[in-house]
Amino acid sequence: MDFTEGNMKGGIMNITVYCGSNFGHNPIYREAAEKFGEWIGEKGHSLVYGASGKGLMGAISDNVLKHNGKVYGVFAEVLYKREGCREDLTETFIVPSIRERKKKMIELGEVFIAFPGGPGTIEEISEVISLARINVVKEKCIIFNLNGFYDPLKILAQKMLEEGFVKREEVLNVKFIDTFEELISYIEAIE
């Protein structure tokens, strides 16, 4: 697989999205996932994600594919044996472990976005934030704080700064974005 169509050549990039395999109770999460998938596909970007067809993950990937975008799924064998994964993706990578899944998604991504989700979403974006903090990951890291979902994380990041556990420039590696329009504008400015 040649990912050179990413790497922001001509503004095209591989966007890694971490999000829930459930929809959540509020329909705005699903609506935002669908709109974001549509935007990725229409703009010619590629989605890198966890290969599930369920919940927000399914909503984003469905809409990227419907709008002629490329979708690269990364699935761990342990989950594949239990749940299976989508068969209609541009390419699927089956890796031995969850750790390898996270590593592969980071390798493929040029922008990292956390949509609302559960513990897995928090774990994945936390790893990216930690790697950005020590300059292993130099790409943009975005927390999509739709409906104030990540307000507690934003408060915790501020507390870490106030108490001296992180430096201001490390906190600035992570962008909290509250609206869909702001999310799109921010990504387009990266292009």
Side-chain angles (χ1 to χ4, degrees), residues 1-23 29-118 120-121 123-125 127-128 131 137-144 146 177 180 183-184 186-191:
M1 175 72 227
D2 178 17
F3 276 89
T4 55
E5 71 264 5
N7 300 319
M8 296 191 251
K9 199 164 120 183
I12 303 302
M13 63 182 103
N14 298 325
I15 300 172
T16 298
V17 177
Y18 305 108
C19 60
S21 59
N22 294 305
F23 288 115
Y29 302 130
R30 182 179 190 159
E31 291 164 11
E34 290 171 349
K35 273 175 56 176
F36 193 59
E38 181 179 330
W39 179 84
I40 290 172
E42 287 178 349
K43 293 294 184 177
H45 299 301
S46 298
L47 171 67
V48 176
Y49 86 121
S52 175
K54 299 177 183 177
L56 299 184
M57 293 172 76
I60 289 177
S61 58
D62 283 346
N63 282 279
V64 173
L65 292 169
K66 281 180 194 170
H67 291 88
N68 302 312
K70 294 180 181 175
V71 178
Y72 301 103
V74 184
F75 220 65
E77 282 179 7
V78 65
L79 295 175
Y80 184 73
K81 290 175 184 172
R82 191 175 74 196
E83 301 174 13
C85 68
R86 290 187 70 146
E87 301 292 329
D88 60 345
L89 303 180
T90 307
E91 187 162 354
T92 303
F93 301 88
I94 308 293
V95 295
S97 66
I98 298 291
R99 183 179 302 266
E100 289 298 315
R101 178 189 193 200
K102 292 187 292 183
K103 181 180 175 189
K104 186 70 171 173
M105 290 173 72
I106 291 169
E107 280 175 18
L108 299 176
E110 294 165 302
V111 174
F112 302 94
I113 303 171
F115 265 66
T121 303
E123 178 192 1
E124 290 165 331
I125 201 64
E127 183 164 338
V128 175
L131 292 173
V137 169
K138 298 190 183 345
E139 292 80 9
K140 299 292 182 184
C141 183
I142 302 165
I143 307 291
F144 187 29
L146 181 63
I177 293 179
F180 185 80
L183 176 65
I184 298 305
Y186 186 77
I187 296 170
E188 286 177 342
I190 297 168
E191 297 176 21

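Because only heavy atoms are used, hydrogens play no part in the values below, and waters and symmetry mates are left out as well, while side chains stay in.
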Q: Tell me, do Glu77 and Ile94 make a side-chain contact under 4.5 Å, heavy atoms counted?
A: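 In contact.
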Q: Hey, what do you get for CD (Glu139) to CD1 (Ile15), rounding to the nearest 0.5 Å?
A: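 If I round to the nearest 0.5 Å, the distance is 12.5 Å.
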Q: Rounded to the nearest 0.5 Å, what separation is found between the CD1 atom of Ile142 and the OG1 atom of Thr16?
A: 11.0 Å
Q: What pair of heavy atoms forms the shortest contact from Phe23 to Gly55, and how long is it?
A: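 Of all heavy-atom pairs spanning Phe23 and Gly55, the closest is CE2-O, 3.2 Å.
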Q: How long is the straight-line distance from CG of Asn68 back to CD of Glu42, given to the nearest 0.5 Å?
A: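 One finds 9.5 Å between CD of Glu42 and CG of Asn68.
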Q: Would you please name every residue forming a side-chain contact (heavy atoms from CB on, under 4.5 Å) with Glu100, sequence neighbours left out?
A: Val95, Pro96, Ser97, Lys103
Q: Taking all heavy atoms of Glu38 and all of Asn63, pick out the closest pair and write down the distance.
A: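 Shortest heavy-atom contact: N-CB, 3.6 Å.
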Q: State, to 0.1 Å, how close Ser21 and Ser52 come at their nearest heavy-atom pair, and which atoms those are.
A: CB-OG, 4.4 Å
Q: For the residue pair Lys35 and Phe180, would you count it as a cation-pi contact if the rule is NZ or CZ under 6.0 angstrom from the ring centre and within 45 degrees of the ring axis?
A: yes
Q: Could you walk me through whether Val71 and Ile60 pass the side-chain contact (heavy atoms from CB on, under 4.5 Å) check?
A: CA-CA 10 Å; Val71 178; Ile60 289 177; over 6 Å; no
Q: Which pair of heavy atoms, one from Ile106 and one from Glu127, lies closest together, and at what distance?
A: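 Nearest pair, atom of Ile106 first, then Glu127: CD1-OE2, 4.2 Å.
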Q: Are His45 and Trp39 side-chain neighbours, meaning at least one heavy-atom pair lies under 4.5 Å?
A: yes
Q: If we ignore hydrogens and angles and just use 3.5 Å, is the side chain of Arg101 paired with the main-chain N or O of Gly50 as donor and acceptor?
A: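 Yes, because the side chain of Arg101 sits within donor-acceptor range (under 3.5 Å) of the backbone of Gly50.
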Q: Could you pull out the closest heavy-atom pair between Phe112 and Met105, with the gap in Å?
A: CE2-O, 3.8 Å
Q: Working to the nearest 0.5 Å, report the span between SG of Cys19 and OH of Tyr29.
A: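 If we round to the nearest 0.5 Å, Cys19:SG and Tyr29:OH are 13.0 Å apart.
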Q: Test of understanding: with side-chain contact (heavy atoms from CB on, under 4.5 Å), list the residues that count as partners of Asn22, not counting sequence neighbours.
A: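 In terms of side-chain contact (heavy atoms from CB on, under 4.5 Å), with neighbours along the sequence ignored, Asn22 is linked to no residue.
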Q: Applying ring-ring contact (aromatic ring centres under 6.0 Å, His included), name anything that partners Phe115, two or more places apart in sequence or on another chain.
A: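 Testing Phe115 for ring-ring contact (aromatic ring centres under 6.0 Å, His included), a comparison that skips the adjacent residues, returns Phe36, Phe144.
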Q: Working to the nearest 0.5 Å, report the span between NZ of Lys70 and CD1 of Ile40.
A: 14.0 Å
Q: As an exercise, state the distance from CG of Leu65 to CG of Leu47, rounded to the nearest 0.5 Å.
A: 8.5 Å
Q: Tell me, do Ile125 and Cys141 make a side-chain contact under 4.5 Å, heavy atoms counted?
A: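 They are in contact (side-chain heavy atoms under 4.5 Å apart), so the answer is yes.
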Q: If we only count heavy atoms from C-beta on, is the Leu183 to Ile113 side-chain gap below 4.5 Å?
A: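 A side-chain contact exists here, since the closest heavy-atom pair is under 4.5 Å.
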Q: So do Lys140 and Ile187 actually touch side chain to side chain, heavy atoms under 4.5 Å?
A: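 Not touching, per the 4.5 Å side-chain cut-off.
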Q: Check Ala32 against Leu146 and note the closest heavy-atom contact, atom names and distance.
A: CB-CD2, 3.6 Å
